[in-house]
Amino acid sequence: MKKNVIVGQSGGPTAAINSSLAGVYRTAKDRGANKVYGMLHGVQGLLEERYIDLADHIKTELDAELLKRTPAAFLGSCRYKLPEIHENKEVYERIFEVLNKLEIEAFIYIGGNDSMDTIKKLSDYAIITGHPTRFIGCPKTIDNDLALTDHTPGFGSAAKYIGTSMKEVIRDSFCLEYSKGLVSIVEIMGRNAGWLTGAAALAEGEDCDGPDLIYLPELPFDLEKFGDKVRKLLEKKTSVVVAVSEGIQTLDGRYVCELGSSVDFVDAFGHKQLSGTASYLASYIAGEIGCKTRSIEFSTLQRSASHSSSRVDILEAYQVGGAAVKAADEGDSGKMVVLQRLSDDPYQCGTEVKDVHKIANDEKLVPREWVNEEGTYVTNEFISYVRPLIQGDVSPVMVDGIPRHLYTPKELSER
Ligand code: F6P
């Protein structure tokens, strides 16, 4: 590389997103990039010329190692939707003005399906205007819903957290006995894709039966049938544990979380904030059955738990960061790095690049055949697909008994 690289992070953060950033930085430097800039809060910040020189923040090998172990987007994230090119050319002119000023050869964006929309539009604009900057997407999302890639960095660590915490919740729920029983409902992220919710089944093993029921958003949710199912289970057991996706919808297409208190926040991509499903269902069961209930929302914990991240995930996140820079350096643009699983046992995975136009704004859902007939649990095929992705640990760097992270750039919180 002869000139400079700029990298941004966008969308919901993960425990592995900064490992990709570390991979981008290292590879860009190894390939001769002069400067590696980090846009603060993605393209939204770039429009305001908010960026840092990563060399000021990753000074030593220890900094790079800490970065890999630091959750949330080190550079700050955004949910900014670029307008269509014909709708507002000024936005693109502004972005390319900044890219020209910084002499950017490669633009790497670490994100999910909405962020790939940004790569698609910017690479299209570069083609239309004959601009030489190359644009490459680097996959990231706990939701695991990106098309054309076997899985996405960030998913493995979140799945590991969910399997582990689910197991701990199940243990806890059995130790106290309530006269009419206890129903614990655990709400898991993933929006319209059930990959993460299905990962609750990872709790199952020799020492744990796993959750009793798992409801993915891919299938309509029947409230009455759910109540009957729980009632029947309580005839045999003192404790019932249910995993539900935040995105489950009733038979008439309403999000269950909207049945309770109203949720008004909608982001730039038109996504409603989904939260409150477990709490609604816990109240429903308490009302119908009169038993003790508990609602548990893993919420941001599931995507920020870097103290229990998966080694496979952190290594792959680093690898895709490097592969993105390599692709740009070799002349690719308008592409996203994908992970190609080569084998399950031993688990082997490589990288390729695919056309981002076939990925942006799409959602890869859990196949119907990976959910049981009744729609209340995932199959063994599902579990075999996820299990390799949660293997191994990355030891946190502990200081005074608490994991140490790379400090946040002070520019991030400045207005
Ligand atoms: O897209 C990743 C994700 O974590 C989803 O699973 C979840 O619905 C969403 O982000 C939550 O986003 P926010 O933190 O902006 O509410």
Side-chain angles (χ1 to χ4, degrees), residues 8-18 20 41-45 71-81 109-119 137-147 149 151-162 165 186-200 214-218 243-249 255-258 261-280 296-306 309 313 317 336 359-366 386 389:
Q9 297 172 310
S10 159
T14 77
I17 186 169
N18 293 325
S20 291
H41 298 293
V43 280
Q44 193 176 324
F74 180 75
L75 298 172
S77 187
C78 68
R79 292 200 190 274
Y80 179 85
K81 188 175 170 68
Y109 216 38
I110 308 169
N113 11 36
D114 297 336
S115 314
M116 293 311 133
D117 179 70
T118 300
I119 286 293
C138 188
K140 163 275 356 168
T141 167
I142 59 164
D143 299 350
N144 196 37
D145 60 351
L146 279 176
T149 181
H151 56 279
T152 55
F155 170 64
S157 294
K160 188 180 180 100
Y161 175 86
I162 287 162
S165 302
V186 182
E187 176 177 328
I188 298 170
M189 279 184 168
R191 223 186 283 280
N192 301 316
W195 301 102
L196 273 183
T197 308
I214 299 181
Y215 290 99
L216 308 192
E218 282 83 355
V244 293
S245 160
E246 61 176 8
I248 51 170
Q249 295 178 32
Y255 283 114
V256 170
C257 62
E258 290 179 312
S261 53
S262 69
V263 178
D264 295 319
F265 186 77
V266 178
D267 72 19
F269 289 86
H271 305 308
K272 289 180 184 166
Q273 184 179 347
L274 305 174
S275 168
T277 306
S279 131
Y280 177 80
I296 302 158
E297 231 187 288
F298 283 159
S299 187
T300 50
L301 298 174
Q302 64 206 293
R303 66 184 190 199
S304 57
S306 62
S309 54
D313 190 30
M336 186 191 86
I359 299 169
N361 303 315
D362 199 2
E363 274 180 328
K364 184 182 75 180
L365 303 179
V366 176
V386 182
L389 312 181

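Heads up: numbering here begins at 1 and tracks the sequence. First listed ligand is number 1; within each ligand, the first listed atom is number 1.
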Will you find, in the side chains of E297 and S279, an N or O donor that is under 3.5 Å from an N or O acceptor? no
Any atom of ligand 1 sitting under 4.0 Å from a heavy atom of D143? yes
For ligand 1, is R79 a contact, meaning one of its heavy atoms is under 4.0 Å away? yes
Heavy atoms only, cut-off 4.0 Å: how does I142 contact ligand 1, side chain, backbone, both, or neither? side chain
Could you pull out the closest heavy-atom pair between C257 and T277, with the gap in Å? CB-OG1, 3.3 Å
Can you give me the closest heavy-atom contact between D313 and T152, atom names plus distance? OD1-O, 4.4 Å
Enter the distance from F155:CZ to N144:CG here, rounded to the nearest 0.5 Å. 4.5 Å
for atom 16 (O) of ligand 1, nearest protein heavy atom and its distance come out as Q273 CG, 4.4 Å
All heavy atoms of L274 vs all of G247, minimum pair found to be CD1-CA, 3.9 Å
Could you tell me whether the side chain of N18 and the main chain of F74 form a donor-acceptor pair under 3.5 Å? yes
Test of proximity, G12 against ligand 1: N or O pairs below 3.5 Å: no
Would you mind listing which atoms of ligand 1 come within a distance below 4.0 Å of any non-hydrogen atom of E246? 5 (C), 6 (O), 7 (C), 8 (O)
of all protein heavy atoms, closest to atom 14 (O) of ligand 1 is R303 NH2, 2.8 Å
For G11, state whether at least one heavy atom is located under 4.0 Å from any atom of ligand 1. no
If you compare all heavy atoms of R79 against all heavy atoms of G11, which two are closest, and at what distance to 0.1 Å? NH1-CA, 3.7 Å
Just which atoms of ligand 1 are under 4.0 Å from any heavy atom in M189? 4 (O), 6 (O)
